[in-house]
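Worksheet for the structure shown next.
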Amino acid sequence: MVEKMRLPLVGALTAIISIVLVHFGNPANMGFCIACFLRDTAGALGMHGASAVQYVRPEVIGIILGALIVSLARREFAPKGGSAPVTRFVLGACVMVGALIFLGCPLRMLLRIAGGDLNAIIGLTGFVVGILAGVFFLKKGYSLKRSYTVSKTDGFALPVMSLLLLAALIFFPALLLFSEAGPGSMRAPMVMALVAGLVMGGVGFVSRLCFAGGIRDSIFFKNFGMLSAFIALLVVGIIGNLIAGQFNLGFEGQAVAHTEWLWNFLGLALVGFGSVLLGGCPFRQVVLAGSGNSDSTVSVFGMIFGAVLAHNFTLASSGAGTTPNGRVAFFIAAAIMVAVAVFNTFFKKEGAKA
Amino acid sequence: MTTIDARGFSCPEPLIMLESSLKTESSLEFLVDSKNAWENCLDFAKKQGLSVETEKTDDTFRIRVKRG
């Protein structure tokens with residue numbers, strides 16, 4: 001019974017933490033958004049010039065360190081890597097482009113639905129279609145090949161960088177850029193955001209919460225366990241947002257969202273497809289990176305690179321809608337993903353028989 | 001007994017490999033190197049009604065599955 005309730009509890013907890021973060025200052029329906037928060041962090045480091053989205057988000061630091069602490073405590077911290085790192089970097093960048101066309105990662109997609117944003121339901125259908133495309137290639141044998149045990153420095157690199165970033169945020173904020181207006185200026189208190197991240201990192205590691213994996217496994221293996229977490233997240237999220245006065249049903253007037261349904265669909269289709277090719281959604285990649293997986297660390301770096309491209313070349317959407325550059329970038333990113341999928345499905349050689 | 005080495009493959013590949021191997025093999029030894037993959041594969045084998053033995057040595061989880 002306890003085991004069966006574990007995933008719904010994880011979903012409910014995610015919703016509650018997110019609502020609290022929004023109540024205390026985060027942008028609407030953005031208690032968590034891995035894509036947005038990596039983008040904000042890149043902006044705070046001056047890697048892009050979008051002044052409205054610059055802030056070192058303590059939530060991301062917390063997720064990385066939470067996953068690190070729990071994986072070490074459970075003796076499951078495992079520095080592994082070497083499974084097509086450059087390909088993963090590129091896929092990470094493409095996933096970020098898709099997420100910033102939609103304006104959110106899969107976790108924020110669910111939080112947006114829970115906040116009454118119907119555009120995110122269109123996004124969800126695209127996400128599922130993208131996952132179906134990924135499952136098609138998995139069934140045909142898609143693989144980025146093996147990872148191997150790597151140096152501990154590879155595993156600890158991202159957590160140590162996160163600690164340095166946290167130190168800069170607390171002790172040397174003058175080194176960083178901070179948005180004075182826009183989503184980047186909307187922040188829950190630092191300690192609260194950090195603790196929320198730590199909890200989500202730990203819970204995410206133990207539960208293996210993955211917004212792409214849950215849908216993928218229900219399609220592929222008829223394993224519906226993770227879906228119970230998503231349903232609980234939505235139900236508790238809707239109730240919580242209603243109680244907190246944060247529920248706003250409709251397509252128009254949604255925070256950090258646009259109403260171009262085709263691009264909401266296509267943006268998250270890209271994220272779904274890329275997440276299956278990477279083996280996990282952006283949240284899962286950050287959690288795995290915290291637990292020593294250097295392939296996921298490279299994927300996270302790729303996502304940051306994608307965010308930098310998205311804002312320096314105006315690929316990212318805004319509340320006003322998509323951009324011409326963003327629409328072109330979608331096709332480039334989609335073509336790259338299809339090429340990665342085709343090459344690593346039909347033109348690979350490696351037997352598994354020992 | 002055939003040995004399938006799924007160490008180093010990321011999820012869900014080990015499970016896909018186990019599933020497809022069981023279509024042609026009635027008993028096999030399956031190697032994985034993550035607790036995640038190990039639990040998924042054990043769960044799958046048990047649901048299939050296979051007899052399962054497992055042991056952990058260093059970084060490797062060995063799963064021996066057999067029909068009947």
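Residue numbering restarts at 1 for every chain, and letters A, B, ... go by the order of the sequence lines.
Other residues, nucleotides and ligands place more than 12 heavy atoms under 6.0 Å from the CZ atom of A/Phe156. Counting non-hydrogen atoms of other residues, nucleotides and ligands closer than 6.0 Å to CD of B/Glu53 gives a total of 12 or fewer. Within 6.0 Å of CZ on A/Phe224 lie more than 12 heavy atoms contributed by other residues, nucleotides or ligands.
What you find for A/Arg208 and B/Asn40 is that their closest heavy atoms are NH1-OD1, 3.7 Å. Here the shortest heavy-atom pairing between A/Arg216 and B/Pro12 reads NH1-CD, 3.4 Å. Shortest non-hydrogen contact noted between B/Ala6 and A/Arg146 is C-NH1, 4.1 Å. Among all heavy-atom pairs drawn from A/Arg74 and B/Lys35, the shortest one is NH2-NZ, 3.8 Å. Considering all non-hydrogen atoms of both residues, B/Asp33 and A/Lys80 come closest at O-NZ, 2.9 Å.
In this structure, chain B has heavy atoms under 4.5 Å from both the backbone and the side chain of A/Ser143. Neither the backbone nor the side chain of A/Leu288 comes within contact range of chain B; no heavy atoms are under 4.5 Å apart. Using a 4.5 Å cut-off between heavy atoms, B/Glu29 makes no contact with chain A at all. Looking at A/Arg75, there are no atoms closer than 4.5 Å to chain B (heavy atoms on both sides), in backbone or side chain. Only the backbone of A/Tyr142 comes within less than 4.5 Å of a heavy atom of chain B; no side-chain atom from C-beta onward does.
Here the CZ atom belonging to A/Phe221 is positioned 11.0 Å from the NZ atom belonging to B/Lys47, to the nearest 0.5 angstrom. The CZ atom of A/Arg88 sits 5.0 Å away from the OG atom of B/Ser10 when rounded to the nearest 0.5 Å. Rounded to the nearest 0.5 Å, atoms CG (B/Asp59) and OG1 (A/Thr149) are 5.0 Å apart.
Taking 4.5 Å as the limit, every side-chain heavy atom of A/Asn223 sits out of range of all side-chain heavy atoms of B/Phe44.
Of the listed residues (B/Asn36, B/Leu15, B/Leu28), the one with the most heavy-atom contacts under 4.5 Å to chain A is B/Asn36.
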